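What you see is a predicted model, and the numbers here were worked out from it, not measured in a lab. All ligand and atom numbering here is 1-based and tracks the order in the structure.
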Amino acid sequence: MKKGIAASKGYAIGKVALKEHEEIVVVERKIENLEEEKARLQGALTLTREQLEKIKEKAEVEMGADKAAVFESHMMLLDDPEFVGAIEANVEAAMVNAEKALTDVVDMFVGIFDSMEDEYMKERAADVKDVGNRILYNLLGKSMEGMGLLENNTIVVAHDLTPSDTAALDKSKVVAFLTNIGGRTSHSAIMARTLEIPAVVGLGNITKSVKDGDKIIVDGIEGIVILNPSDDQVEEYLARKAKFEAEKEELKKLISVETKTKAGKRIEVVGNIGQPQDVLKVIENGGEGVGLFRTEFLYMDRETMPTEEEQFEAYKFVAEKLEGKPVVIRTLDIGGDKKLPYLPMPEEMNPFLGYRAIRICLDRVDIFKTQLRALLRASAYGNIKIMFPMISSVSEFLKSKEILAECTEELRTEGKAFNEKLETGIMIEIPAAAIMADELAKHVDFFSIGTNDLIQYTLAADRMNEKVSYLYDPMHPAVLRLIKMTIEAAHNAGKWCGMCGEMAGDEEAIPTLVEYGLDEFSMSASSILRAKQIITNM
Ligand code: PEP
Ligand code: MG
């Protein structure tokens, strides 16, 4: 038996297909004809682009546009003058073969990304490696897809699976993935969850412990792999698998069911999204609306601020897809761990306690107003509610409302439509706001408790720091008291209270939160059906 990190839920019993990355040793070779070498490089880049285009189309069908977007960024790298230009410059400067010039540039980029603290940037190293390998294979006239024809019930075992490896696999045959490296947030893990294929990652040296055709059992819930199982073990796991799948089927019955407790209390189970198209997964999984649209993702991965028009289209898309169901859109929450390349921010000792979210918006009214105008205009197309993040006092909320009022005035003068009765609320994610919830409740239409931040501020335990993660406890009595106070304050003022931090989807916390009277639970799409089940059985 081997233990790794459970990356995607489910069980599989099947035969191993080892995907071994052929280690290519690149040899430096002096060239004589520079133009010829550059043309060879261009040829490989063109072929790579064509292959990626096909993979992207396949991925769009199988995994959806958001997951396929990674191949878009791979293709962008092929057009990036800093990347391609550096390879060409290397060829020219040293008069060496394109393979050598390419590997040097890839190593340099990987080195830079790898040395960054940020997990997201570290993942970019894997992307550069993936694209670099593909170009290298094309330069050498080799095929990357080489796993041959797979049999039914194949369990793919690899050192790591890159996004293009994953997308190229035949999903009608592959029933699980196992990898030596990676964690829950690595690309292969995320893709496995999207495809709903069980996966265990971070297994160390699983590629050395199995060979092609070996029979194995994968337990994606406990993160366990059983090599050469006995008949009894196979029988046991077949039973577990059948139970798991029956439960999953059972959950699907809840897709269009309105969530209510047995006592008849209506509770909304809704989804968190970061990109407009994420709303589709929320609807597919029975979400009764969106409780948090993290709009900062519209501002990231680009060179300039999104315009009012671009934002309007994004918000309108989500509102229309929900056909009247609510969507709570949070205004820009940048700062902390989220940065924008085009908005220079000072280095801070404590970025999570620094210049972020509403603090930036109240300072940069120009940025704030562009977003508020887009939100107001989109509110004519569905049930949009506006939520302000990181509010610590009544005055911050009132200032935000004043700026919103300026925008409604402007739109009225311009004769543009918006919802006159639009609800506005705040996130309760700073302990001061929870303690003063009774005062705040007089002014807002609703609260949404942001436990991700509320827990870190209450317990003084950085949400990003593994060393203090043992202190980061959602069920700490201090946290529970603040949550309870917040819900009661909302209700005493006749307002509703939701929660959009991770805790809202935590199976162990849900019953307590229902008891406290929480009205709305907002979570990632994949947790929605399970939450609906827990609540309807209460
Ligand atoms: C929160 O703090 O709980 C929250 C939902 O916001 P974010 O995770 O985006 O900071
Ligand atoms: Mg937060």
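- Nearest N/O/S atom of Glu429 with respect to the Mg ion (ligand 2) is recorded as OE1.
- Between the side chains of Gln311 and Thr307, no donor-acceptor pair of N or O atoms lies under 3.5 Å.
- Taking backbone and side-chain atoms together, Asp333 has no N/O/S atom less than 2.8 Å away from the Mg ion (ligand 2).
- Ion pairing between Lys252 and Glu249 holds under the 4.0 Å rule for side-chain N and carboxylate O.
- More than 12 heavy atoms of other shown residues, nucleotides or ligands fall within 6.0 angstrom of atom NZ in Lys369.
- Of all heavy-atom pairs spanning Cys497 and Thr486, the tightest one is SG-CG2, 4.2 Å.
- Of all N/O/S atoms in Asp453, OD2 sits nearest the Mg ion (ligand 2).
- Shortest non-hydrogen contact noted between Trp496 and Asp519 is CA-OD2, 3.6 Å.
- Phe446 does not carry Lys495 over the face of its six-membered ring by the limits of under 6.0 Å from the centre and within 45° of the normal.
- Ordered by chain and residue number, the residues placing a heavy atom less than 4.0 Å from ligand 1 are Leu292, Arg294, Arg330, Lys338, Met427, Glu429, Gly450, Thr451, Asn452, Asp453, Arg463, Cys500, Gly501.
- Between Arg330 and Glu296 there is a salt bridge, since a side-chain N of the basic residue sits under 4.0 Å from a carboxylate O of the acidic one.
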